[in-house]
Amino acid sequence: SSFGLAGENSSLSSPYSCYELSFDRLRRWIHESLDIYRDELLQVLYPIFVHSFLDLLSKGHAVDAHRFLELNRGEFQAIYGDELNRIAIL
């Protein structure tokens, strides 16, 4: 699968790298978007985060999934802390 620009895939050696790079780009794009769209776009970031975590888990990449969770949970901790604690035990 191709997540980056031409020539960039060589650095994407693990599923974690692909998910992290894509999620980071999406997060930056949302945070840099116009004010009138940002709040609405931020509403999709958490479901995509959870889906990405669960997708890594379902594909047998538990270590990568938990690394992804720990690296990105800070963005959602204040609002979804209890839910994050529950999925972290998966």
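None of these values were measured; they are calculated from a predicted model.
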* **Close side-chain approach of His66 to Phe53, heavy-atom, < 4.5 Å** => yes

When hydrophobic residues are tied together by side-chain contacts of less than 4.5 Å, even through go-betweens, does [X] share a cluster with [Y]?
X: Leu84; Y: Val63; value: no
X: Leu54; Y: Tyr80; value: yes
X: Leu90; Y: Tyr16; value: yes
X: Leu57; Y: Leu71; value: yes

I need the [X] [atom1] to [Y] [atom2] distance, nearest 0.5 Å.
X: Ser52; Y: Asn72; atom1: OG; atom2: CG; value: 9.0 Å
X: Ile48; Y: Phe23; atom1: CD1; atom2: CZ; value: 7.5 Å
X: Arg38; Y: Ile30; atom1: CZ; atom2: CD1; value: 10.5 Å

* To do: Kindly indicate, with the supporting measurements, whether the criterion side chain to side chain contact (heavy atoms under 4.5 Å, CB included) is fulfilled by His31 and Leu42.
  => CA-CA 8 Å; His31 284 290; Leu42 282 169; 3.7 Å; yes

* To do: Any chance you could lay out the side chain to side chain contact (heavy atoms under 4.5 Å, CB included) test for Arg67 and Leu56, step after step, and finish with the verdict?
  => CA-CA 10 Å; Arg67 187 174 0 159; Leu56 280 165; over 6 Å; no

* Take Glu83 and Tyr46 through the side chain to side chain contact (heavy atoms under 4.5 Å, CB included) test and state the conclusion after the steps. => CA-CA 11 Å; Glu83 188 173 316; Tyr46 181 69; 2.9 Å; yes

* To do: Could you tell me whether Asp24 and Arg28 make a salt bridge, using a distance below 4.0 angstrom between a side-chain N and a carboxylate O?
  => yes

* What's the verdict on side chain to side chain contact (heavy atoms under 4.5 Å, CB included) for Val50 and Phe76, showing C-alpha distance, side-chain angles and the deciding distance? -> CA-CA 10 Å; Val50 172; Phe76 310 106; over 6 Å; no

* Minimal non-hydrogen separation, Ala88 against Arg73, with atom names -> CB-NH1, 4.2 Å

* Structure fact -> Nearest heavy-atom approach of Tyr19 to Phe68 is O-CE1, 3.9 Å

